[in-house]
Amino acid sequence: MTTVSMTLNGKKVSANVDDRTLLVQYIRETHGLTGTHVGCDTSQCGSCVVHVDGKAVKSCTMLAAQADGSHVTTVEGLANGTELHPVQAAFREHHGLQCGFCTPGMIMSAVDIISRHGADIDEKTIRHELEGNLCRCTGYQNIVKAIQAAAQEMHGAKVAAE
Amino acid sequence: MYDTTYHRAGSLQDAEAKFAAAEDAKFLAGGQTLLPTMKQRLAAPSDVIDLGKVPDLSGISEGDGSLVIGAVTTHYEVASSDVVKRLIPGLAALAAGIGDPAVRYRGTIGGSISNNDPAADYPAALVALGATINTNKRSLSAEDFFEGMFMTALEEDEIVTNVSFPVAEKSAYAKYPNPASRYAMAGVFVAKTSAGSRVAVTGAGSDGVFRVSEMESALDANWSPEAVAGISVPADDLLSDIHGSADYRANLVTVMAKRAVAAT
């Protein structure tokens with residue numbers, strides 16, 4: 001057993017867990033934050049993407065102990081109270097989901113993509129950047145549209161809702 | 001995953017001591033291969049020794065005519081480094097194409113080369129650029145380091161500390177990714193170095209990375225895509241599986257070599 005402490009969505013947490021505990025298990029099972037999903041469990045699908053020290057990583061492919069001392073943000077940590085994060089709002093506005101299973105990972109990856117590329121990100125780049133996030137409903141059109149809209153929204157450009 | 005004991009190394013010496021004290025330990029860098037392998041119960045180390053936070057093993061620096069990359073430097077750091085882009089642009093481009101963005105934030109150059117997956121991208125760059133792999137025990141040339149599929153010259157308790165690349169005059173990498181896994185079915189790194197033109201292939205060889213001397217001579221005489229267009233590698237030593245036959249891969253090697261030269 002090992003003690004893993006971190007700042008999870010702005011709150012200091014600590015727990016004694018098996019050394020082999022994956023970060024995603026620590027988030028979901030130890031701390032009850034089930035917004036982060038386990039899809040493929042083989043680092044392909046991206047449903048489990050969270051931010052560790054500001055970087056979007058697959059939490060099924062990281063030990064909780066590796067994140068000891070880190071700042072971890074999950075999809076539950078994005079909104080400001082009842083006000084959705086612009087990426088969450090854009091996914092709702094543009095219907096960027098069908099069944100919703102991949103959505104938490106899509107949103108966490110999208111926040112990272114937008115922070116690296118800024119407002120002018122084009123559709124091709126978004127699609128390429130989503131290489132590690134799979135939507136089994138194949139609802140990519142609206143996911144891409146939502147990310148593009150959020151990028152413009154977050155960087156000040158006015159976007160008309162479609 | 002079977003039970004294991006996790007240790008975070010604070011320094012290289014600490015990592016060595018922890019490894020020596022454990023029964024059957026493995027070093028952990030970014031974990032993008034080792035952890036999936038452990039989850040599938042294909043590896044069951046008694047202890048994992050995390051090198052990820054060892055300060056001396058991380059970072060990118062410019063030497064006298066060389067580029068030095070610490071072993072636990074991530075693919076993201078290599079891909080986005082202005083120093084790498086300026087000195088060896090082909091290497092930055094290669095790192096930008098490994099896995100996906102989330103994998104690139106965790107995966108490391110030292111971890112990738114120590115694993116020596118036959119479809120990994122980095123081995124082609126290290127061999128083509130004539131890189132030197134420095135460990136806690138010695139220095140090895142890339143060609144001596146990579147010994148075959150998932151095989152390297154590393155001893156069990158040996159740790160890659162950094163990789164030193166001589167700056168190349170020209171460099172580029174082109175790969176044909178498997179449409180599903182995105183692993184290279186054939187990846188070709190070309191470099192114009194002080195030691196002449198070099199061409200190294202990953203993803204296609206049944207024994208891992210290899211050089212194509214015929215293409216190297218042709219590029220020495222004429223650095224252009226046309227120079228390699230008529231040169232094909234023998235299919236005998238190439239991988240053949242459900243994704244593509246050896247003949248198909250042989251053709252891919254020529255096509256990727258042309259594309260890589262064209263990109264310089």
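The figures that follow rest on heavy atoms only: side chains count, while hydrogens, waters and symmetry mates do not. In what follows, every chain begins at residue 1, and chains take the letters A, B, ... in the order their sequences are listed. The structure presented is a predicted model; accordingly, all values stated were derived computationally and were not measured.
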**OP:** Would you please indicate if the ring centroids of B:Y122 and B:H75 are separated by under 6.0 Å?
**Re:**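 Here the rings of B:H75 and B:Y122 have centres that are less than 6.0 Å from each other.
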Original post:
Which answer fits B:L28, side chain, backbone, both or neither, if we ask what part of it has an atom under 4.5 Å from a heavy atom of chain A?
Top reply: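 Contact with chain A involves the side chain of B:L28 alone.
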**OP:** Please state whether the side chain, the backbone, both or neither of B:D3 comes within less than 4.5 Å of a heavy atom of chain A.
**Re:** both
For [X] and [Y], which heavy atoms make the closest approach, and how far apart are they?
X      : Y      : answer
A:R20  : B:Y2   : NH1-C, 3.4 Å
A:A151 : A:I121 : CB-CG2, 3.8 Å
B:A191 : B:A128 : CB-O, 3.8 Å

Tell me, for [X] versus chain B, whether the close heavy atoms (under 4.5 Å) come from the side chain, the backbone, both or neither.
X      : value
A:S43  : both
A:M62  : both
A:D112 : side chain
A:L22  : side chain

Original post:
Just by modelled atom types, is the A:I126 backbone N or O under 3.5 Å from a matching donor or acceptor in the A:E129 side chain?
Top reply: no
Subject >> Side-chain donor or acceptor of B:R8 paired with backbone N/O of B:L51 under 3.5 Å >> reply: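 Flag not set: sc B:R8 to bb B:L51 has no pair under 3.5 Å.
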**OP:** Output the option from A:M108, A:K58, A:Q66 having the highest count of non-hydrogen pairs under 4.5 Å with chain B.
**Re:**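 Looking at each option in turn, the highest pair count goes to A:Q66.
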Original post:
Between A:V49, A:D18, A:D68, A:V52, which shows the greatest number of heavy-atom pairs under 4.5 Å with chain B?
Top reply: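 Between A:V49, A:D18, A:D68, A:V52, the count favours A:D68.
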Subject >> Among B:G52, B:P101, B:G30, residue most engaged with chain A (heavy-atom pairs, under 4.5 Å) >> reply: B:P101
**OP:** For the pair A:N142 and A:H94, evaluate side chain to side chain donor-acceptor pair (under 3.5 Å) and give the outcome as yes or no after the intermediate values.
**Re:** CA-CA 6 Å; A:N142 287 353; A:H94 295 274; over 6 Å; no
